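Presented below is the structure to which this report refers.
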Protein chains: 2
Amino acid sequence: MSNLTLEDIARQAGVSRSTVSRVLNDHPNVREEVRRRVLDVIRQTGYHPNAAARTLASQRSLMLGLVLPRSVSSIFSDPYFPRLTQGIAQACNHYNYTLALFLVSSAEDEAKIYPRISRRGLLDGILLQSGQIGDQLMDRLLASNIPLVVIGRPFNPDGVSYIDVDNVNAAYNAVSHLIRLGYQRIATIAGPDNSTVSIDRKEGYARALQERGRKIDPSLIVEGDFTEAGGYYAMQSLLPARPDAVFAASDAMAIGAMRAIHEAGLRIPEDIAVVGFDDLPFAATATPPLTTIRQPIAPLGFKAVEILLDLIENGAQPPRRVIMDTELVVRDSCGALKRRSPG
Amino acid sequence: MSNLTLEDIARQAGVSRSTVSRVLNDHPNVREEVRRRVLDVIRQTGYHPNAAARTLASQRSLMLGLVLPRSVSSIFSDPYFPRLTQGIAQACNHYNYTLALFLVSSAEDEAKIYPRISRRGLLDGILLQSGQIGDQLMDRLLASNIPLVVIGRPFNPDGVSYIDVDNVNAAYNAVSHLIRLGYQRIATIAGPDNSTVSIDRKEGYARALQERGRKIDPSLIVEGDFTEAGGYYAMQSLLPARPDAVFAASDAMAIGAMRAIHEAGLRIPEDIAVVGFDDLPFAATATPPLTTIRQPIAPLGFKAVEILLDLIENGAQPPRRVIMDTELVVRDSCGALKRRSPG
DNA sequence: GTGAAAGCGCTAACAG
DNA sequence: CTGTTAGCGCTTTCAC
């Protein structure tokens with residue numbers, strides 16, 4: 001591998017450093033013949049410019065940071081994180097940025113990470129997966145003035161640019177679908193109350209019921225932790241209330257709920273209909289196949305990068321907000337394919 | 001956020017740049033009182049050294065790259081990637097390195113990525129997920145002399161440092177377990193033949209049979225693509241050969257196989273026993289719970305980083321090799337908990 | 001134990 | 001269109 005510098009290339013091509021730099025950065029004002037000569041030398045020598053030197057001189061690192069806090073890195077069992085990362089990585093490739101990944105999996109990490117990511121000369125901007133209430137890191141990052149895009153609605157969104165899925169509407173649509181199918185006692189297995197995702201999905205549930213003049217029955221609302229096991233126990237505690245349908249705030253919980261329903265000797269959807277949220281791969285092959293909400297996770301990651309680049313180029317004011325639509329995927333577990341009823 | 005430089009800190013602390021630098025880098029030869037004074041100024045001002053300048057001057061970026069090629073990034077449906085990444089990220093945090101992530105999801109990406117990662121001044125070393133036959137990127141990286149650790153046994157391991165799970169032994173143990181349980185017609189759903197993982201697992205299967213004096217029956221060997229659907233179709237094509245047990249080279253394929261078995265009206269494990277590979281979260285809650293091989297994926301990622309750091313510190317020769325052990329997790333699908341038979 | 005000075009390799013005015 | 005000249009902010013000899 002070469003340890004060549006701009007200087008070497010310049011000498012070999014018989015031009016000055018500046019000219020080589022111009023060629024490298026696609027600046028105009030270089031005679032075509034000279035440009036070609038320089039490119040030839042670069043190709044022959046296998047020269048690559050030094051990233052650190054470039055960053056230092058230009059004050060741009062062409063690097064973005066993705067910060068995933070503990071709450072997320074523990075949800076490794078669901079493909080949300082990989083999908084999101086994939087979308088983000090694709091966008092980085094597309095726009096010629098490098099992606100730095102920060103997984104905050106312990107309190108110790110958290111202390112170490114802030115100084116690292118706030119170091120100047122390392123990152124041009126940061127993507128932060130949030131949605132947790134009382135996110136200290138977000139506040140510090142915001143205060144540090146580094147371009148920041150939060151993924152997931154922050155609890156306090158003042159002045160922060162963020163992107164999120166329309167969770168309220170998604171849940172609203174799922175529950176409305178169940179109402180249209182004629183279910184009378186529609187329960188929900190919500191997520192933990194300390195995340196905006198859970199709050200929003202629960203609100204969509206409530207809104208759908210209220211708009212149809214239904215009362216919210218607290219005995220039909222139970223909290224899970226987004227896991228299969230959580231859904232299983234939540235469903236068990238829900239059974240005495242005799243729901244005829246249940247909207248789970250995640251597919252994992254929906255699958256757990258289905259397990260509990262089957263174990264209780266009940267049928268899906270005849271006795272209890274189930275709707276999930278996420279459209280994980282196994283939703284389609286569950287027994288019965290799960291009706292659920294599909295989120296555009298990778299596109300969301302891609303878009304997050306585009307917002308961040310916009311912030312970097314054009315300043316952080318005003319804050320940008322993007323809310324992405326979801327899609328209801330109807331399969332067997334909601335009973336739509338078996339029964340009909342008045343809308 | 002501060003735009004302070006070393007110079008500023010030096011002035012405020014009444015010392016020279018060099019001294020501040022020494023404090024920052026924990027060098028000896030600084031009077032305790034001075035050190036404290038400097039640290040105070042740093043704390044009060046919220047100063048963070050500029051990463052690019054540091055890298056340029058010291059020729060170390062304290063950054064590692066993780067490259068995941070297409071073949072892997074498409075396997076996003078299984079938690080291998082997140083777990084591996086988690087282990088790697090933890091090690092990076094632990095050793096105060098930053099992790100750069102490169103997802104190569106298209107041929108276009110591949111072309112763009114090599115110049116980027118081989119740029120000097122960006123990465124101190126690279127982790128490459130491989131195991132694909134004919135990995136061009138690996139050869140180029142190897143030739144570029146940048147410290148490199150390959151994750152997964154490379155097809156041609158000459159001169160390359162790598163870390164892998166002991167796939168041969170793992171498969172050997174799984175199949176030996178089935179043999180001990182008395183099964184006579186043990187089939188396997190192997191992975192695609194272009195990866196060393198598949199080759200190794202298939203070899204473990206064959207070795208276990210041969211050591212017990214059994215013949216390898218080609219009609220009991222079928223190839224899948226590591227996905228649920230692949231396992232489903234593979235199992236269907238296996239049924240006419242009337243196996244009484246099947247070893248699937250991944251849990252996803254095992255689940256697909258179970259679906260095919262159930263659809264054929266057969267029972268697990270009474271009619272056909274099933275053993276998987278991976279111990280994914282859903283293995284434990286499958287019906288019946290899946291006997292499988294658990295791999296230490298996060299620890300493997302962690303260890304990979306340690307090897308890479310060793311390479312960076314002490315040179316790449318001789319190549320380091322680490323093979324990690326796996327564990328057979330016995331559940332219901334193999335029948336061990338129901339039937340007994342002579343070992 | 002501390003400071004002065006020389007770079008690390010590049011970009012970006014500014015001349016010409 | 002091209003070359004000259006300053007830095008970017010830090011580390012690291014080398015003196016003292």
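All values derive from a computational prediction rather than experimental measurement. Protein chains get the first letters and strands the later ones, always in sequence-line order, with residue 1 at the start of each.
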Among the nucleotides C:dG9, C:dT11, D:dT12, whichever has the atom closest to the side chain of B:Ser18 is D:dT12
In whole angstroms, the gap separating C1' of D:dT11 from CG of B:Asn29 amounts to 15 Å
Side-chain contact check for A:Ala53: nearest option of D:dG9, D:dT2, C:dC10 is C:dC10
Which of D:dC1, C:dC8, D:dC10 is nearest the side chain of B:Leu56? It is C:dC8
Which of C:dT11, D:dG3, C:dG3 is nearest the side chain of A:Thr19? It is D:dG3
Of the listed C:dG3, C:dC10, D:dG3, the closest approach to the A:Arg54 side chain comes from C:dC10
- Query: For the base of D:dG3, is there a side-chain donor-acceptor partner from A:Arg22 under 3.5 Å away?
  - Reply: yes
Does OP1 or OP2 of D:dG9 have a side-chain N or O of B:Thr5 closer than 4.0 Å? no
Winner on side-chain proximity to A:Gln59, out of D:dC8, D:dT4, D:dT11, is D:dC8
From CZ of B:Arg17 across to C1' of D:dC14 the rounded distance in Å is 15 Å
To the nearest angstrom, the CD-C1' distance between A:Glu32 and D:dT2 comes to 15 Å
* Asked: Should the heavy atoms of other residues, nucleotides or ligands under 6.0 Å from CD of A:Gln59 be counted, would the total exceed 12?
  -> yes
Of the candidates C:dT11, D:dG3, D:dT12, the side chain of A:Ser21 sits closest to C:dT11
Atom CG of B:Leu122 and atom C1' of C:dC10 are separated, to the nearest Å, by 15 Å
Taken to the nearest whole Å, CZ/A:Arg31 to C1'/D:dT2 is 9 Å
**Request:** Describe, in one word, how the ring planes of B:Phe302 and B:His94 are oriented to each other, choosing from parallel (under 30°), tilted (30 to 60°) and perpendicular (over 60°).
**Result:** tilted
To the nearest angstrom, the CG-C1' distance between A:Leu24 and C:dC10 comes to 9 Å
Taken to the nearest whole Å, CZ/B:Arg119 to P/C:dG9 is 15 Å
Residue pair B:Gln90 / B:Tyr95, side-chain donor-acceptor N/O under 3.5 Å
no
Tightest non-hydrogen contact, residues B:Leu99 and B:Cys92, listed as CB-SG, 4.0 Å
B:Tyr47 vs D:dG9: side-chain N/O to OP1/OP2 distance below 4.0 Å: no
Here the distance between atom P of D:dT11 and atom CZ of B:Arg60, to the nearest Å, is 12 Å
Please determine whether a side-chain nitrogen or oxygen atom of A:Asn25 lies at a distance below 4.0 Å from atom OP1 or OP2 of C:dT11. yes
Open item on the list: Assess, by modelled atom type and distance only, whether the side chains of A:Gln136 and A:Tyr114 contain a donor and an acceptor separated by less than 3.5 Å.
Closed with: no
